[in-house]
Amino acid sequence: MSVPALLDLLAPGLARAAGPMWRAVVTPAAYRLWLATTHDLTRATTGLLEEAAERSACLGEAGLAAWFAGQLDEERGHGSWVAADYAAAGGDPGTLAERVPCPATARLVGAQHYYLRHAHPVALLGHIALLERHRPGRTLAAALARQTGLPPGAFRTLTGHVAPPAGRRAALEALLARPPAGERGRRVLTAGALATAEGLVELFSALRTELEASP
Amino acid sequence: MTDRSRLARLGLDLDLEALGDDQLAALDSLTDEEIRVLARIRRKLDDAAGDVEGHSLEGGGVVW
């Protein structure tokens with residue numbers, strides 16, 4: 001059984017589905033809305049990873065716990081990229097924490113909380129693995145700078161995520177190739193990835209509608 | 001060998017000839033429920049992408 005092959009099967013469709021969302025980012029206000037949504041999502045990442053590492057350790061899954069702990073180190077500081085980009089795009093980062101995230105955002109993140117607490121933390125590995133296959137391309141930030149008229153310095157969040165950190169991807173793929181908890185672990189891992197794919201496409205559509213309505 | 005009739009019965013419409021051995025094996029290993037979910041997601045992806053294939057922003061991705 002190959003979970004990576006299933007993830008690869010979904011990746012092209014996700015890239016196509018993201019296209020209309022990105023094409024709607026044509027003004028600084030629209031880009032700020034995208035950044036605000038990114039803030040809503042990334043603020044939840046630290047808590048998810050901390051809980052996943054803790055629960056994995058409790059289950060005796062040392063390799064999984066170590067990978068989540070390493071990912072936690074990797075994610076530190078990314079929130080400050082979003083805030084800096086938001087300011088560079090003309091926004092006040094101090095307002096981000098007061099936002100009420102949209103339901104599609106809550107569903108995308110909330111599914112992972114559910115699987116983590118009521119199934120197995122390996123679900124979060126499926127979530128992250130799918131996102132790893134959907135990193136921003138090298139030309140995306142420049143394309144958005146042209147579309148919005150904003151300076152290149154307003155896209156640190158995107159440029160900082162183009163390349164995976166050295167060694168992290170290989171360690172992730174090794175865990176995917178032999179997920180813990182046997183067949184149940186395989187099914188939870190798959191469920192985590194499928195929930196993320198469905199959550200992403202719903203968020204793409206919801207955000208596209210909001211972006212097209214922004215000034 | 002991938003059971004095409006099973007996939008079709010569960011609503012998954014794929015060009016199996018375009019898939020590699022690993023992907024076919026991955027499909028074979030999925031439960032009926034997982035296939036149904038995958039089929040539903042693919043329909044949503046197609047709807048979200050629209051009819052402008054090839055016009056997506058090059059290198060589009062997310063950081064979430």
Next item on the list: Assign the ring pair A/His118 / A/Tyr114 to parallel, tilted or perpendicular, where the plane angle (0 to 90°) is split at 30° and 60°.
Entry: tilted

Next item on the list: State whether A/Trp67 and A/Arg168 meet the cation-pi test: NZ (Lys) or CZ (Arg) under 6.0 Å from the six-membered ring centroid, and within 45° of the perpendicular axis.
Entry: yes

Notebook entry, point to check: So which of A/Glu198, A/His161, A/Glu202, A/Arg208 has the largest heavy-atom pair count under 4.5 angstrom toward chain B?
Noted result: A/Glu198

Notebook entry, point to check: Which of residues 40-50 of chain A have a heavy atom under 4.5 Å from any heavy atom of chain B?
Noted result: A/Leu41, A/Thr42

Notebook entry, point to check: Do B/Glu34 side-chain atoms and B/Thr31 backbone N/O form a donor-acceptor pair below 3.5 Å?
Noted result: yes

Check: In this structure, are over 12 heavy atoms from other groups packed under 6.0 Å from B/Glu33 atom CD?
Finding: no

Next item on the list: Output, in order, the C-alpha distance, side-chain angles, deciding distance and verdict of side chain to side chain contact (heavy atoms under 4.5 Å, CB included) for A/Phe204 and B/Leu45.
Entry: CA-CA 10 Å; A/Phe204 290 157; B/Leu45 288 170; 5.6 Å; no

Item checked: Interchain contact, A/Leu158 with chain B, by part (heavy-atom threshold 4.5 Å) -> both

Next item on the list: Count the heavy-atom pairs under 4.5 Å between each of A/Leu10, A/Thr38, A/Thr37 and chain B, then report the option with the highest count.
Entry: A/Thr38

Note to self: Is B/Leu14 in contact with chain A via its backbone, its side chain, both, or neither, using a 4.5 Å heavy-atom distance?
What the structure shows: side chain

Item checked: Stepwise side chain to side chain donor-acceptor pair (under 3.5 Å) check, A/Thr196 with A/Gln112 -> CA-CA 8 Å; A/Thr196 294; A/Gln112 296 306 315; 3.2 Å; yes

Notebook entry, point to check: Checking A/Leu200 against chain B: side chain, backbone, both or neither under 4.5 Å from a heavy atom?
Noted result: side chain

Notebook entry, point to check: Hey, which of A/Val109, A/Leu194, A/Asp8 has the most heavy atom pairs under 4.5 Å with chain B?
Noted result: A/Leu194

Next item on the list: Could you pull out the closest heavy-atom pair between A/Thr190 and A/Leu6, with the gap in Å?
Entry: CG2-CD2, 3.6 Å

Checklist line | For A/Thr105 against A/Pro101, the heavy-atom pair lying closest together | finding: CG2-CB, 4.1 Å

Note to self: Between B/Arg6 and B/Asp32, is the salt bridge (Lys or Arg N to Asp or Glu O under 4.0 Å) condition met? List the steps.
What the structure shows: CA-CA 8 Å; B/Arg6 171 184 178 240; B/Asp32 285 2; 2.9 Å; yes

